[in-house]
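Heavy-atom basis, side chains included; hydrogens, waters and symmetry copies ignored. Owing to the predicted nature of the structure, the values given are computational and were not obtained by experimental measurement. Naming: A, B, ... by sequence-line order, numbering from 1 per chain.
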2 protein chains.
Amino acid sequence: MATMNDVAREAGVSLSTVSYVLSGKRTISEETRLAVQSAIRKLDYSPHSGARALASNRSNVLGLMAPLRADVNVSVIMQFVAAVVTTARTYNQDVLLLTQDDAGGLERVTSQSMVDGLLMMDIEARDPRIPLLAKLRKPVVLIGLPDDPQGLSCVDFDFAGASRTAVRHLVDLNHRSIGFIGSPQASLERHATYADRARKGFTEACDAAGVSSTLRACEPSMPALTEALTAVLDDDDGAATAVTALVVHNEGLLPLLHEALAVRGLRIPEDISVVVIAPEDVALAATKPWTAVSIPAHDIGRAAVEMVMDRLNSDKPVEVRLIVPTLVQRETTSAR
Amino acid sequence: MATMNDVAREAGVSLSTVSYVLSGKRTISEETRLAVQSAIRKLDYSPHSGARALASNRSNVLGLMAPLRADVNVSVIMQFVAAVVTTARTYNQDVLLLTQDDAGGLERVTSQSMVDGLLMMDIEARDPRIPLLAKLRKPVVLIGLPDDPQGLSCVDFDFAGASRTAVRHLVDLNHRSIGFIGSPQASLERHATYADRARKGFTEACDAAGVSSTLRACEPSMPALTEALTAVLDDDDGAATAVTALVVHNEGLLPLLHEALAVRGLRIPEDISVVVIAPEDVALAATKPWTAVSIPAHDIGRAAVEMVMDRLNSDKPVEVRLIVPTLVQRETTSAR
DNA sequence: CTGTTAGCGCATTCAC
DNA sequence: GTGAATGCGCTAACAG
């Protein structure tokens, strides 16, 4: 492995000149720059990241703590991760992957100066990691919205707004009684805030519009879905106005939903309108593309990286950024 | 941040003594060791990874190149990744995540000495990365089995054996005509070797047992599945002996399969037996647990890390390891 | 515009 | 069993 010294000798310049050619931190004459660059190519030189980290106090690595359990949302998680890695590269950063259950990992990678900053996925309402993170003296961005961010920056999709947008769309189409089929019970129990917020936004919007609402959690399986539909559609309380539209916030159910409604003799959208809250590609994967408020996993991941990098390079103030939802009408909603 | 120097001063010993206490590479008296350790705790010292990498020529980081597209197999991929990260930690290594489409990433992280070794997922039959990897002078392990490993070590599940095991199970149950529903066409086209090998093993085993076989690729959607079932079950050629059993190698189809067969009036296992090739948890997630040859993603990930670490610490010879399949009979197969 | 030099924090070779 | 000294490869302050 060639070192910077070798390059300097080969190019007939000093060590620091090579360094400055690489970093661009001072002006170099065209001539010497070319000489250095050709020496670099000739020797196939590349800088040693450890040495650079030691001297510059920057590792060019971001830590990403991601939930790697085989949960319902794997595809969303993958999209986040992909977006984070891809965006990080545009800032010349690499990504070190930490798993959710590696509790000590955060402390370790920061105290050893392995990472310049941290991104945390899958934040819960009262996430126990937050107080730890708040002490770390490295930039941290939470992907998710806890009850109390304790001075940490956050970015997330506006799930409450997503539900409201979905409801307004349906209300505009004259639906007066709307059902909500949400994340599995487990998500609610561990207080994944996206689940809570989506539910809350739904209820609020229905109340505000004066339409009746019915909520149900649901596991991603056919029997669970069948049961949930029964509960929502055959609800006696709402007998006055039968449910004519659904908001579904559960990617795992989408492949099953058409079939489950067909079994009940319900056609989409003639008999029942459906809006899903899901990643774009999932919504489009169906034979009949879903009208959807899409979860822009890629945008969120990108925003998260931008936010850490901002805080690495300057000291921007704390920021909580909510990504605005947009609804795209496709083939699964219609007026009644 | 405290440095080793600070610790040495605090403990009243020399720099090197601290270093040796940490590495254990020479014997230290109980007394001074305790002194050093308490100084470490008192100052909350932890070593600087960059400095360590510079001096020792080891980063304690493994690179993992993973396919982060929203493919059918996301859950399997997640399990691999989780296994790799978890196992790496037991070797005191962290994991740097590279995406499949970051072509230059491999070259970059190795030439900059960011990683001590590399793991590559999702290897294709004639993967263009292999010649590059073969030149890298760092330990590499492929998770997958290319046509020509070019001197690289590989580890993978024995997909051909998995199909054979499934077929033998069904043959033992007196099935004489078996259908295979496999990965999407796209997987075949990019020559993901798992798809090819599973198909091949299936055909061979059926031929060897003298039972008739029908194969079909299938996208993970209800219409595609319906069509595939029609093709396999209503195949005129096999009119002599109707298909009474299926081998399914496609996780995405499992939530749909029960329903799709029910629509045709087929009960599992009374009318048709089904063996799936899928991760354990996927096979168990169904209401009626699938008889399955399980894909031990965790074992494979662990083996891969073990293999790189072996080659980092000593120079073991090249090795190609195939993980042996095992079938667990559950509720979806029966004798006829 | 360029060169000289002093660390960055640690591992390790000598010397005792 | 311990300490002193050197160098890993690079950045950036200082000095022209």
Query raised in the report: Is there side-chain contact between L145(A) and V320(A), with heavy atoms separated by less than 4.5 Å?
Result: yes
Query raised in the report: Do any pairs count as a ring-ring contact (aromatic ring centres under 6.0 Å, His included) and have a residue in residues 118-158 of chain A, sequence neighbours left out, and if so which ones?
Result: F157(A)-F159(A)
Query raised in the report: What are the bounds, 5' to 3', of the part of DNA chain C that sits under 4.0 Å from heavy atoms of chain A?
Result: dC1(C) to dG9(C)
Query raised in the report: Has the side chain of T32(A) got a donor or acceptor atom that lies under 3.5 Å from a matching backbone atom of I28(A)?
Result: no
**Report entry** N/O donor-acceptor pair under 3.5 Å between D116(B) side chain and N60(B) backbone
**Finding:** yes
Query raised in the report: Looking only at side chains, do N5(A) and T3(A) share a donor and an acceptor under 3.5 Å apart?
Result: no
Query raised in the report: Between residues 32-51 of chain B and DNA chain D, which residues have a heavy-atom gap below 4.0 Å?
Result: T32(B)
Requested in this report: Not counting sequence neighbours, list each pair that qualifies as a side-chain hydrogen bond (donor to acceptor under 3.5 Å, both in side chains) and has a residue in residues 295-309 of chain A.
Outcome: D299(A)-R302(A)
Report summary line: So the side-chain hydrogen bond (donor to acceptor under 3.5 Å, both in side chains) pairs with at least one residue in residues 79-92 of chain A (sequence neighbours excluded) are Q79(A)-D281(A)
Query raised in the report: Is it true that R69(A) and D122(A) have a side-chain N and a carboxylate O under 4.0 angstrom from each other?
Result: yes
Query raised in the report: To 10°, what angle do the rotation axes through the five end pairs on each side of the helix from dC1(C)-dG16(D) to dC16(C)-dG1(D) form?
Result: 40°
Query raised in the report: So does R126(A) have more than 12 non-hydrogen atoms from other groups sitting under 6.0 Å from CZ?
Result: no
Query - For S38(A), all residues meeting side chain to side chain contact (heavy atoms under 4.5 Å, CB included), sequence neighbours excluded - result: R41(A)
Requested in this report: May I ask you to check whether over 12 heavy atoms, not counting those of D315(A), lie within 6.0 Å of atom CG?
Outcome: no
**Report entry** Sequence neighbours excluded, every pair satisfying salt bridge (charged side-chain N to carboxylate O under 4.0 Å, His left out) that has a member inside residues 128-140 of chain A
**Finding:** D127(A)-R129(A)
Report summary line: Contacted region of DNA chain D by chain B, from 5' end to 3' end of the hits, cut-off under 4.0 Å to heavy atoms, spans dG1(D) to dG9(D)
Query raised in the report: What is the distance from atom CE of M1(A) to atom CG of D44(A), rounded to the nearest 0.5 Å?
Result: 6.5 Å
Query raised in the report: Is there a side-chain contact between M121(A) and Q100(A), using heavy atoms and a 4.5 Å cut-off?
Result: no
Query - Where at least one partner belongs to residues 148-157 of chain A, residue pairs that pass salt bridge (charged side-chain N to carboxylate O under 4.0 Å, His left out), sequence neighbours excluded - result: D156(A)-R197(A)
Query raised in the report: Where do E280(B) and S294(B) land on the side chain to side chain donor-acceptor pair (under 3.5 Å) test, with the steps shown first?
Result: CA-CA 5 Å; E280(B) 184 89 352; S294(B) 57; 3.1 Å; yes
Requested in this report: Decide yes or no on side chain to side chain donor-acceptor pair (under 3.5 Å) for S19(A) and S16(A), but give the supporting numbers first.
Outcome: CA-CA 5 Å; S19(A) 174; S16(A) 59; over 6 Å; no
**Report entry** Selection: residues 107-116 of chain A, any non-hydrogen atom under 4.0 Å of DNA chain C
**Finding:** none
**Report entry** Residue met sooner reading DNA chain D from 5', once A55(B) and R26(B) are mapped to nucleotides
**Finding:** R26(B)
Query - Contacting residues from residues 12-22 of chain A, given that a heavy atom lies under 4.0 angstrom of DNA chain D - result: L15(A), S16(A), S19(A), Y20(A)
